[in-house]
Structure formats: structure tokens, C-alpha cells
Number of protein chains: 2
Amino acid sequence: MDKSTIIDVAKLANTSKSTVSRYLNGYKVKKETKEALDRAIRELNYHPNANARRLVKNNTQVIGIVVDDIANIFYADILRGIESVLNSYGYRCAYYSRTSNYQGEFGFMDLANEGEVDGLILVSFLKRSQEMLDEVKKLAIPIVLIGDADYDSGVFSVDVNNELGISELVHYLYRIGHRNIAYINGPEHFSASYWRKKGYENTLKELGLSYKESWIIDSDWTKAGGHKAMSELLAFKDITAVVSSNDEMAIGALLYASELGFHVPRDLSIVGFDDTEVSKWVYPPLTTVKQPLHPMGEKAATGLIAKLKGEQDIQEQRILIDPKLVVRQSCRNL
Amino acid sequence: MDKSTIIDVAKLANTSKSTVSRYLNGYKVKKETKEALDRAIRELNYHPNANARRLVKNNTQVIGIVVDDIANIFYADILRGIESVLNSYGYRCAYYSRTSNYQGEFGFMDLANEGEVDGLILVSFLKRSQEMLDEVKKLAIPIVLIGDADYDSGVFSVDVNNELGISELVHYLYRIGHRNIAYINGPEHFSASYWRKKGYENTLKELGLSYKESWIIDSDWTKAGGHKAMSELLAFKDITAVVSSNDEMAIGALLYASELGFHVPRDLSIVGFDDTEVSKWVYPPLTTVKQPLHPMGEKAATGLIAKLKGEQDIQEQRILIDPKLVVRQSCRNL
DNA sequence: ATGAAAGCGCTAACAG
DNA sequence: CTGTTAGCGCTTTCAT
């Protein structure tokens, strides 16, 4: 049995395909035709062909969400934020994983140019090249970015205010008496690493604290990395607190300190960044900074909707959302 | 500037749209036409319209992967397994989240019926209703399932052998001298809960161990749940080991025991299931069972490819892959 | 190697 | 409220 079309339905219901089409799209038809149509549709097990409809309407009602690695979504709540607003406007979300895309950084371009989606949200926390940003501006459909465009990119983007987050952490440590504060840095190819480190350095200066290059350890976001970083930091006896630029490394650091018999926070204070789920389960529960993930997703989606509607006043702006300090028990009041 | 079509390209290159189409699809054209075509395509910034092509070719070269919740992917490596084989056959993957789908359990049906994808992989560890399974069999395109179809469903499905996994855990505990073994159960609406519990009960009987209803605590997969379950279990003084049906709850249990001053594994042995990343980072590192996630994804994708090719010998079978015991330090040799 | 023409399944004027 | 008609942008015979 071949798939049935709108014409088959029309014939069986003794009417024309225009009427079928109208009925399917919510227009009024005479009661008898409606009944005949319903019967025909059921009998033929008819389903409209999305590709034909998309061709003529020149839209799809689906938004593409491109993520770095579908199997490694750190910031899941961003996606929930996106879905919640996009769905409320009648759009569906289709997710695509960049890792799978042999074409590299530009692999999603086809999606945008070939009419597979009506709009695109690119979610990535890797640094974006200016070259790629330029390409984005040329695309045929509206696009917004989540994860910072380091530059004044001219593309609508939203991110957490990384610099502010670290700054609050350092201020907090300062308030409770810490003066010698070390830092564990994230990998260079992440935009967040740049801004968080900047937050650390600037806040130190602002507070008039001594600034030592050797107290900054470059690492890789992982527990293993934080573990190792801490082993280097423990050589410096005057350090009383460590700011880790994410929770994972903070936990690795915590673990290393414990293994060596140091008690956190008695002997050493440690803070992280992200407020991941585990951060409240480690011992001691980690003081950190909560990323506004859901709002980030919402803001991005809202911006995209505005573009889709062709609103003129939606500028290509860079939106930074403030994170929130979460005080738990990994710091000692000196 | 309107989007250019294949006709614009043809005109500019002084040829016909058939020739453009052929060229785009890899057929040979005269050298001069090729050059003219390349020039025209670049000049017009031409991109083929995927919807038009899909309409006439009646396929899309994309496979839909439907997951329960895109923002909560426990079993990420399954997706990597899927992508690796699907990509090698020239298919792209598009992911859809069922949570977002107000239409509930049947929300993905449109994808299958309206020609948006060529095939579907449904990834879910929730119990599936027979009703839904029946619907699946009627769909217009090939479908495979990941996560068990409890019944003899008549649909190609792959899952880990949950029963065997728990059985190996219990056997291991038995070998190192444990006789009084409690169990923390997962929530009822997950297929895995049923099979794992069955593995616990059957292995106990098989080994001639005493079986007590009160040593089985129903919980919810979460750390908090495991935490609470352990608080109930600690009332039974003769228990020497606890099998948790997943790692999360095992870690919650571990934490509770520690908080009460019990030392694991000296005072109590605990094992989990999954081999999640954290399980090797908790103290003590958790003995558990490793799910063959990547292979599960590969098997499912391979099955789908076979169906897509119309291979007759690909039966609608239920494939169960064996998990692997991972011994770490959360158990004491009695 | 190329062009003409038909058609994929649907929507949207237009005329009634 | 309904039918007729003309496309949407592309692929694919069938000729040449």
C-alpha cells in the first residue's frame, strides 16, 4: 500500500484537495464535508507530507539547536529554558551535535542555508573565531548564540557574567578574612576561562591583594585536573584559599587536600564555579556560584523569536546575566 | 535579495536546470559548463533547497533520535555509539526531546509519518506500554528501540542485560563471604528496576541465601533516595552488604553511612550499577557494573541500517548486551 | 553531454 | 463555503 496523499483523501470524500487542505489547516468546512473528510483520513491512514508543505510555505516551524557534544551537556538547564519559550510560540526543537559533524565548525551552515530549520541557536562555550562569526552574519535565517562571543561580534549572544561571578567569590573570601588566594584556571580554548581569570586578577588588584603568577595553575576543567593542580598549590604554605574556575576541578582539589590529610575548610578554603548538582553532595558541601542556566536559555530563545518576527528593535547585542553566590561549607572565616 | 534557485543558476551559466541538478549530484558535465556553473553558484550564493529535494526524492538522509529528556541524558555514550555508525553510512542525526512534547508519549509519531526523517531510534528506559508498541509497528518508517521492551514486543530492541548485571554483583559479594545482602530498588516505572530486582531475588534463591522482604527498599534513583534508603537499612544489624540498583543511590547510601560514623567497607559493603563517572571518585571508590553503552548504541544503529536497506533477515529481535563487573574498594572480604 | 517536460504533495490566490 | 489553477524548487525520464 502506497502512502496516500491529499488527492486520495479528496476523491474518497468527494471534494477537492483545496478543501482538504483548508480543513487540515483549521478553516471552516460544511459539517457533512467534515465528516466525510474525517472518515476518509482515517480510512486511508492519511498523514500530510511535511516536506511538501515546507516547500510551499517556505518555513518549517522547527528551530535547530546546535550543541558541541550532545553526549556531554554540562549546562542542561539552558536547553530547558530554550524549549520552554520556543514551544510556547509553536516551534519544535531539533538538536544537532557538532561532534558528529565531520565538516567541523561550519557543519551547521547547511541547516541554515537549505531550509531545514527556521532559526538556529548555537550553544558552545568554546572560543569562537571571528571568521566563523562573520559567516554567521551572512546566513539566510535568524541566529543567536549562547556562550560568549568574545569580540564585539555583531551577533546576538547571551552568556553568564563570568567575570562578575569570580569577582563575587573573591570578594566573599576577602570579607571572611582571606588575603592569599590562589586560582585554578580552565583551558584556554574556552571563552569562560578568559573572563573568569580576568575576574580573578582584576578583583585582586581592586582589593589591593598581592598578585603572584605562580599561584595561578592552568588546568582542564576535570576532577583529575583539579587534583593535580592542588598538588602543585600545596607547595605554597601561605595560601589560605583556592578559587577554582569550575566545580569539577574544585572537587578534585578538595579530594587531593583530603587525601593529604588537610581538612577543608579548617586548613584550607576552596570555592568553585557552576553550582553543579554534585557540589552540594561532596564533603564539605562546596561554596560556589550558580549559573543562571534557565534564564540564559530563555533570553536566547526570546531573542530568536523577536528576530523571527522581524522586530526591528532587537539589536545584535551581547547579553550577560549575573550569577549568584551560593555559600556552603567549604570556606573558613579567618 | 531573494534566495536564488536552481533556475537562476542555470540562466546565469547559460544552461538548463537539469544540467545544474546533475552537476550538483555528481554527474559529469563538460569542463566549460562546470566552470560556468561554479562561477554562477558562487556569485548567486546558491544553496539547494532541502525541502524540494526531499519532496521529490522522498527521503531525507536524517535519522531521528528521540530521547526522554535532552537535558538529562544519563547514558550519553549510547548516543556516541549511534552517531558513529549512522554517520559512517551517510546519515545525519537529529535529536528530539520527548519532554518538550505536549503530545505525550506519541508525540514523535509525526516525525515518522510526515517524512521528516528516514528512520527513528527511540531511547527510553521507562516502561513502554503495549499500546505504544503496537503503534510503533504501524509506522511508515523503520524504527528500533533502546531500552527494553519488557514484552515480546515484536520490535527490534537493545538493552543491557540488567538481570545478569545484578546477578554478577551478588555472586561477587557471595564469593567474598557475604550472606546477608540488602537491596535498594529503583522506581517502578523504569523497565530496568524490574529486571534488576529480579536478578537480585533469583540469585539469592540460586545461592540458597535467606530472602527478606524488609531488606528491599524502594527508592528513586537519586542520591537523596539512596541516603534515605540507607537510613532504613541501618536498622538491620545483620546486613553486611547493600546492593544498590544504581550508582547514584549507592553514593547516597555511602554518604549516609559515613555521616553516621560507619566505615565503608570495614563496617559495611556497598555496590552500585552503571559505572558512572563519579563512582570512581567517591570515597571509597565504588564497586559496580559497567553498562556497555557504546555497543548498545552501535547495535541499535546497525539494526536500523539493516532495516533501511530492506534486509529481510533482520528479525524483530530483543538484544541484551552483557555488562561487566568493575571491582573497586567499597566491599570487604569477610 | 544536455534540454524539455512532467511531477513530487501541498498551499493560496481567484472566481464563483 | 468550495473548486480550479498556478506554482514552491527540485529530480528524472525521454529525447536529441
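So you know, we letter chains A, B, ... as the sequences are listed, proteins then strands, and number each from 1. Keep in mind that the numbers below use all heavy atoms, side chains included, and drop hydrogens, waters and symmetry copies.
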Trainee: Checking L12(B) now: which residues fulfil side chain to side chain contact (heavy atoms under 4.5 Å, CB included) with it, not counting sequence neighbours?
Mentor: A40(B), E43(B), L44(B)
Trainee: Which residues in residues 111-119 of chain A have at least one heavy atom lying under 4.0 Å from any atom of DNA chain D?
Mentor: none
Trainee: So, Y194(A) and D148(A): side-chain donor and acceptor under 3.5 Å apart, yes or no?
Mentor: no
Trainee: If you compare all heavy atoms of N51(A) against all heavy atoms of G115(B), which two are closest, and at what distance to 0.1 Å?
Mentor: OD1-O, 2.8 Å
Trainee: Starting at the 5' end of DNA chain D, which residue's closest nucleotide do you reach first, L55(B) or N14(A)?
Mentor: N14(A)
Trainee: Between F156(B) and I319(B), does a side chain to side chain contact (heavy atoms under 4.5 Å, CB included) hold up when you go through it step by step?
Mentor: CA-CA 8 Å; F156(B) 187 101; I319(B) 295 178; 3.6 Å; yes
Trainee: Identify the 5'-most and 3'-most nucleotides of DNA chain C with at least one atom closer than 4.0 Å to a non-hydrogen atom of chain A.
Mentor: dG9(C) to dA13(C)
Trainee: Test of understanding: with side chain to side chain donor-acceptor pair (under 3.5 Å), list the residues that count as partners of D118(B), not counting sequence neighbours.
Mentor: T60(B)
Trainee: Regarding R42(B) and D38(B), does a basic nitrogen lie under 4.0 Å from an acidic carboxylate oxygen?
Mentor: no
Trainee: If we ignore angles and hydrogens, is there a donor and acceptor under 3.5 Å between the side chains of Y96(B) and E116(B)?
Mentor: no
Trainee: Can you find a side chain N or O atom of T33(A) that sits less than 4.0 Å from OP1 or OP2 on dT2(D)?
Mentor: yes
Trainee: Indicate whether the side chain of E83(B) and that of Y91(B) have a donor and an acceptor atom separated by less than 3.5 Å.
Mentor: no
Trainee: Can any side-chain N or O of N25(B) pair as donor or acceptor with the backbone N or O of R22(B) at less than 3.5 Å?
Mentor: no
Trainee: Using five pairs at either end of the helix from dA1(C)-dT16(D) to dG16(C)-dC1(D), determine the angle between the two local helix axes and round it to 10 degrees.
Mentor: 30°
Trainee: Under 4.0 Å between a Lys/Arg side-chain N and an Asp/Glu carboxylate O for D77(A) and R80(A)?
Mentor: yes
Trainee: Detail all sub-3.5 Å separations between protein N/O atoms and N/O atoms belonging to nucleotides 10-13 of chain D.
Mentor:
{"unit_1": "dC10(D)", "atom_1": "OP1", "unit_2": "Y46(B)", "atom_2": "OH", "d": "2.6"}
{"unit_1": "dC10(D)", "atom_1": "OP1", "unit_2": "N49(B)", "atom_2": "N", "d": "2.9"}
{"unit_1": "dC10(D)", "atom_1": "OP2", "unit_2": "I6(B)", "atom_2": "N", "d": "2.5"}
{"unit_1": "dC10(D)", "atom_1": "N4", "unit_2": "K17(B)", "atom_2": "NZ", "d": "2.3"}
{"unit_1": "dT11(D)", "atom_1": "OP1", "unit_2": "N25(B)", "atom_2": "ND2", "d": "3.3"}
{"unit_1": "dT11(D)", "atom_1": "OP1", "unit_2": "R53(B)", "atom_2": "NH2", "d": "3.4"}
{"unit_1": "dT11(D)", "atom_1": "OP2", "unit_2": "S21(B)", "atom_2": "OG", "d": "2.6"}
{"unit_1": "dT12(D)", "atom_1": "O4", "unit_2": "S18(B)", "atom_2": "OG", "d": "3.3"}

Trainee: Would you compute the distance between atom CD1 of I305(A) and atom CG of L86(A) and round it to the nearest 0.5 angstrom?
Mentor: 5.0 Å
Trainee: For I143(B), is there any backbone N or O sitting under 3.5 Å from a side-chain donor or acceptor partner on K307(B)?
Mentor: yes
Trainee: Without hydrogens or angle criteria, can the side chains of N45(B) and H47(B) be said to hold a donor-acceptor pair below 3.5 Å?
Mentor: yes
